[in-house]
*Asks:* 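Below is the structure I would like to discuss, written out as structure tokens.
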Amino acid sequence: QVQLVESGGGLVQAGGSLRLSCAASGRSFSTYAMGWFRQAPGKEREFVAAISWSGGGTLYGDSVKGRFTISRVNAKNTVYLQMNSLKPEDTAVYYCAARASWGPPVSDDYAYWGQGTQVTVSS
């Protein structure tokens with residue numbers, strides 16, 4: 001069992017930066033692949049980024065490549081999402097998620113989810 005708590009969301013102007021954090025509790029955090037997803041009002045959940053248990057593998061959604069960076073510190077049971085060059089279309093609730101295996105970023109394969117943190121980018 002893994003409990004996830006996101007933080008770091010807020011209001012930022014276009015072109016600005018934010019860093020989201022996801023703190024995990026429970027055992028064996030370092031054995032889980034982690035992901036970030038987002039959902040804007042009236043839209044489907046969208047994959048943002050994922051990282052393997054060791055940090056050696058990363059994946060990014062096309063809309064955030066080159067702007068967002070996912071990382072993790074297993075000693076702190078924490079995964080991060082550094083978001084730069086933010087755009088109004090990045091406005092959404094951002095969710096952290098955990099899965100037992102590494103693979104294509106299908107949201108149904110993530111067994112554990114946080115409650116989400118709101119990110120709002122003003123133009």
Side-chain angles (χ1 to χ4, degrees):
Q1 192 80 356
V2 177
Q3 293 80 43
L4 304 172
V5 178
E6 303 94 336
S7 62
L11 174 64
V12 63
Q13 288 188 332
S17 299
L18 280 175
R19 188 177 80 157
L20 304 183
S21 299
C22 174
S25 60
R27 297 187 298 177
S28 303
F29 169 76
S30 63
T31 66
Y32 286 90
M34 302 296 295
W36 286 96
F37 291 78
R38 67 187 183 186
Q39 189 164 21
K43 295 188 176 181
E44 293 187 354
R45 185 177 294 173
E46 176 188 14
F47 167 71
V48 176
I51 189 166
S52 63
W53 67 270
S54 67
T58 56
L59 294 170
Y60 293 94
D62 288 342
S63 62
V64 307
K65 281 180 182 176
R67 299 188 298 123
F68 290 11
T69 303
I70 189 171
S71 61
R72 66 189 296 164
V73 179
N74 286 340
K76 295 184 176 181
N77 280 11
T78 303
V79 62
Y80 303 96
L81 184 69
Q82 177 66 44
M83 306 186 295
N84 298 329
S85 302
L86 283 161
K87 305 175 182 179
E89 51 263 45
D90 293 318
T91 296
V93 177
Y94 283 70
Y95 297 92
C96 173
R99 60 181 289 180
S101 60
W102 178 242
V106 177
S107 62
D108 287 348
D109 289 340
Y110 286 80
Y112 305 104
W113 292 81
Q115 293 300 306
T117 185
Q118 176 71 47
V119 171
T120 303
V121 184
S122 63
S123 56

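Residues take their numbers from the sequence shown, with the count starting at 1.
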*Asks:* Is there a path from L4 to W53 through hydrophobic residues (I, L, V, M, F, W, Y) whose side chains come within less than 4.5 Å of each other?
*Replies:* no
*Asks:* Has R72 got its NZ or CZ under 6.0 Å from the middle of the six-membered ring of F29, at an angle within 45 degrees of the ring axis?
*Replies:* yes
*Asks:* So does D62 pair up with K65, basic N to acidic O under 4.0 Å?
*Replies:*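 A salt bridge links D62 with K65.
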*Asks:* To the nearest 0.5 Å, what is the distance between CG on N84 and CZ on R19?
*Replies:* 11.5 Å
*Asks:* Examine distances only and state if a side-chain atom of T91 and a backbone atom of V121 form a donor-acceptor pair shorter than 3.5 Å.
*Replies:* yes
*Asks:* For the CD atom of Q82 and the CG atom of L18, what is their distance to the nearest 0.5 Å?
*Replies:* 8.5 Å
*Asks:* List the atom of A14, the atom of P88, and the distance in Å for their closest heavy-atom pair.
*Replies:*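 Looking at all heavy atoms of both residues, the closest pair is CB-CD, 4.1 Å.
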*Asks:* Do you know the tightest heavy-atom contact between I70 and W36?
*Replies:* CD1-CD1, 3.6 Å
*Asks:* Membership question, hydrophobic clusters at under 4.5 Å side-chain separation (ILVMFWY): are Y60 and L20 in the same one?
*Replies:*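 Result: yes, single cluster for both.
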*Asks:* Listed by chain and number, what are the side-chain contact (heavy atoms from CB on, under 4.5 Å) partners of S122, not counting sequence neighbours?
*Replies:*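 Per chain and number, S122 pairs via side-chain contact (heavy atoms from CB on, under 4.5 Å) with L11, Q13.
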*Asks:* What closest approach, in Å, do T78 and A23 show between heavy atoms, and which atom pair accounts for it?
*Replies:*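 Residues T78 and A23, closest heavy atoms: OG1-CA, 4.3 Å.
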*Asks:* Could you measure the distance from the CZ atom of F47 to the OG atom of S63? Nearest 0.5 Å is fine.
*Replies:* 10.0 Å
*Asks:* How about Y32 and N74: do any of their side-chain heavy atoms sit closer than 4.5 Å?
*Replies:*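 Side-chain contact under 4.5 Å: no.
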*Asks:* State the CD-CZ distance between E46 and R38, to the nearest 0.5 angstrom.
*Replies:*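 The CD atom of E46 sits 4.0 Å away from the CZ atom of R38.
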*Asks:* Going by the rule side chain to side chain donor-acceptor pair (under 3.5 Å), which residues pair with S25 if we only count those two or more places apart in sequence or in a different chain?
*Replies:* Q3
*Asks:* Please report the C-alpha distance between M83 and V48 in whole Å, then the side-chain angles of each, then the deciding distance to 0.1 Å, and finally whether the side-chain contact (heavy atoms from CB on, under 4.5 Å) criterion is met.
*Replies:* CA-CA 11 Å; M83 306 186 295; V48 176; over 6 Å; no
*Asks:* Please report the shortest heavy-atom distance between A40 and A92, naming the atom on each side.
*Replies:*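 Looks like N-CB, 3.8 Å.
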*Asks:* Give the minimum heavy-atom separation between V2 and A24, together with the two atoms involved.
*Replies:* CG1-CB, 4.1 Å
*Asks:* In terms of relative ring orientation, are Y110 and F37 parallel, tilted or perpendicular, with 30° and 60° separating the classes?
*Replies:*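 Ring orientation of Y110 relative to F37: perpendicular.
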*Asks:* Roughly how far, to the nearest 0.5 Å, is CZ of R99 from OG of S107?
*Replies:* 10.0 Å
*Asks:* Any ring-ring contact (aromatic ring centres under 6.0 Å, His included) pairs touching residues 74-108, not counting sequence neighbours?
*Replies:*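 Pairs touching residues 74-108 that pass the test: none.
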*Asks:* What's the separation between atom CG in L86 and atom OG1 in T120, rounded to the nearest 0.5 Å?
*Replies:*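 L86 atom CG to T120 atom OG1 measures 10.5 Å (nearest 0.5 Å).
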*Asks:* Which pair of non-hydrogen atoms, one from S17 and one from S85, has the smallest distance, and what is that distance?
*Replies:* OG-N, 4.4 Å
*Asks:* Taking the side chain as C-beta and beyond, is there a heavy-atom pair between D90 and R67 under 4.5 Å?
*Replies:* yes
*Asks:* Between the main-chain N or O of C96 and the side-chain N or O of E6, is there a donor-acceptor pair closer than 3.5 Å?
*Replies:* yes
*Asks:* Should V79 and Y112 be counted in the same cluster of Ile, Leu, Val, Met, Phe, Trp and Tyr side chains packed under 4.5 Å apart?
*Replies:* yes
